[in-house]
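Notes to accompany the following structure.
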Number of protein chains: 2
Amino acid sequence: MIEIPDKPPEGAQKALIEAGLLLFGQKGFDATSTRELAAKAGVNLALIAYHFGGKDGLRRAVVGEVARRLMAVAGAPRSSAGLTPAAALRRLQTILRGVAAFIGSAPEAGPMVNFALTELSRGGAATELIHDCFIGPKHAELSELWAIASGADPDSEAVKLSVFAMIGQVLYFRLGREIVMRRMGWPTIGPSEAGRIGDVIAENLRLLTQGEPR
Amino acid sequence: MIEIPDKPPEGAQKALIEAGLLLFGQKGFDATSTRELAAKAGVNLALIAYHFGGKDGLRRAVVGEVARRLMAVAGAPRSSAGLTPAAALRRLQTILRGVAAFIGSAPEAGPMVNFALTELSRGGAATELIHDCFIGPKHAELSELWAIASGADPDSEAVKLSVFAMIGQVLYFRLGREIVMRRMGWPTIGPSEAGRIGDVIAENLRLLTQGEPR
DNA sequence: TGAATTTAATCAAACGATTGATTATAATTA
DNA sequence: TAATTATAATCAATCGTTTGATTAAATTCA
């Protein structure tokens, strides 16, 4: 069972969790040794077992911390009742621009996204947790906004799938970072490039929600 | 250096590469032991060193095989000269529908996509290879089609980014498979579900390329 | 108050198990 | 014959974990 700490850990625990988030995300769980973790955290090796019961306990703690941060980033769910289609679109665009900026250029986003997506694609125990406390509610909120903006039914399959597709768009710019940089001829993806990615996503959003259905 | 074999391997080599593709994709490279690989391949342990020089050599061989298969799936690049916008859109939709069907429901797609994306996100030596012989040319072809369909400049940043976003859409349905299934209430993603995903992507494609620019 | 005890945290060192790799020899195959 | 595969043993290195000792603060008790 994975639990979400209500308050951020401190001291050695915090150092180990941060080292885990970084190294697990960069190299993967199995490629990271406990000694490496301890060294990166500046902490004694035995503290992994002491605080988390073992390496896998640290993995669970990292998952919990990721979930905690994601919830903090996402913020409290805002009601979209009474929004005009234009306002709903604007809010969608703002959210996606924020996510694109964070995911594209925030230095801590890389390991976090890598770690989370690896956990998800391997179908570990993290799947349920991350779904329940982040993706589930957030997807529902985005679907509602999408429905208002486009005039469709929020519970329709097309809307729900479109929202997933929209999420996938953004995530790929982190996952395929190297490829994108190479192909675009960008030396890096900084705030400026992330902003231009956000522009394209926002424009896509407008076209997808405002276009005439056939 | 990674090389692409011009003809598919046979015998023990083939068995080992297939085991590698499966296990590396499912559990990750470092989580897979050489003994596990040999057992899954039904082959003796020493043959990994004999044929590939070691575990990492097998990894390179798997990358080469993935590149070979991707090129086979992608097929020869077709010229899009002289296409009408409507025809370009149709071809785009057909390609994406095919990719969605393969990625969404083909059983061998999971480990392959997992493996390839892990290699890409870790920025290993595979990045260059997969980019040069698959993503690069394919992205150029798709950009050309997109440009014809939408009337934009194929070399514009917006078109190139839109094509990446389009690719990201499709990939996410494999990577976030478990999440999508859970949220959609689908027990699995079979040909039927993959088809409906393809429908949404194709419709999105139409809206994105045919919508009025602002 | 002052001594005794408990508790939590940290440490260096070592443990047994597993890892990838190597070796020599035999059997098989083309 | 030459290339390939199987068998089985062994290697050094590294793995995750455990151990017993040490430290410092908190608690209890006389």
Side-chain angles (χ1 to χ4, degrees), chain A residues 2-3 5-65 115 118-119 122 124-126, chain B residues 2-3 5-65 115 118-119 122 124-126:
Chain A
I2 301 176
E3 292 179 8
D6 39 344
K7 61 175 182 181
E10 292 176 3
Q13 303 199 28
K14 172 180 171 176
L16 279 171
I17 289 178
E18 234 144 56
L21 184 48
L22 192 73
L23 294 176
F24 292 164
Q26 278 178 356
K27 325 179 18 171
F29 178 79
D30 293 279
T32 306
S33 73
T34 50
R35 292 161 226 279
E36 225 174 333
L37 286 163
K40 170 70 83 175
V43 134
N44 189 272
L45 173 61
L47 292 184
I48 296 176
Y50 180 76
H51 284 296
F52 306 102
K55 190 187 180 187
D56 200 69
L58 177 55
R59 202 199 92 251
R60 286 192 296 269
V62 171
V63 171
E65 178 63 18
F115 176 75
T118 305
E119 286 281 330
R122 305 261 189 272
Chain B
I2 301 176
E3 291 179 7
D6 40 343
K7 59 176 182 178
E10 290 176 4
Q13 302 200 30
K14 172 179 172 177
L16 279 170
I17 288 178
E18 234 144 58
L21 184 49
L22 192 73
L23 294 175
F24 293 163
Q26 278 178 356
K27 326 182 12 174
F29 177 77
D30 294 279
T32 306
S33 73
T34 51
R35 288 161 177 84
E36 225 177 335
L37 285 163
K40 169 70 82 175
V43 135
N44 190 269
L45 170 63
L47 289 184
I48 295 177
Y50 179 77
H51 284 297
F52 306 104
K55 190 189 179 186
D56 200 70
L58 176 56
R59 203 198 91 252
R60 286 192 295 270
V62 171
V63 172
E65 177 62 18
F115 176 75
T118 304
E119 287 279 331
R122 306 263 188 270

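Labels below follow one simple rule: chain letters A, B, ... track the order of the sequence lines, proteins then strands, and each chain is numbered from 1.
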Quick one: is C:dT10 close enough that its OP1 or OP2 comes under 4.0 Å of any side-chain N or O from A:His51? yes
| request: Determine, stepwise, if the pair B:Gln13 / B:Phe52 fulfils side-chain contact (heavy atoms from CB on, under 4.5 Å). | output: CA-CA 8 Å; B:Gln13 302 200 30; B:Phe52 306 104; 4.1 Å; yes
_Within the 4.5 Å heavy-atom criterion, are A:Thr34 and A:Leu45 side-chain neighbours or not?_
yes
- Message: Looking at C:dA12, I'd like to know if its phosphate oxygens (OP1 or OP2) sit under 4.0 Å from a side-chain N or O belonging to A:Asn44.
- Response: yes
Under 4.0 Å between a side-chain N or O of B:Tyr50 and OP1 or OP2 of D:dT4? yes
- Query: When you look at NZ of A:Lys55, are more than 12 heavy atoms from neighbouring residues, nucleotides or ligands closer to it than 6.0 Å?
  - Reply: yes
Once base and sugar-phosphate atoms are separated, protein heavy atoms under 4.0 Å mark nucleotides 16-30 of chain C, 5' to 3', with B, S and - as ---BBB-B-------
Taking every heavy atom of B:Phe24 against every heavy atom of A:Arg122, the minimum-distance pair comes out as O-NH2, 4.3 Å
Taken to the nearest 0.5 Å, the spacing of B:Lys14 NZ from B:His51 NE2 works out to 14.0 Å
The residue among B:Leu58, B:Val63, B:Leu22 that forms side chain to side chain contact (heavy atoms under 4.5 Å, CB included) with B:Ile17 is B:Leu58
Sorted by chain and number, sequence neighbours left out, salt bridge (charged side-chain N to carboxylate O under 4.0 Å, His left out) with A:Lys27 holds for A:Glu36
Show the distances under 3.5 angstrom between N or O atoms of the protein and N or O atoms of nucleotides 5-7 of chain C.
none

To the nearest 0.5 Å, atom CG of A:Leu16 lies from atom CG of A:Leu37 at 7.0 Å
In whole angstroms, the gap separating C1' of D:dT17 from CG of A:Leu37 amounts to 14 Å
To the nearest angstrom, the CG-P distance between A:Leu47 and D:dT18 comes to 14 Å
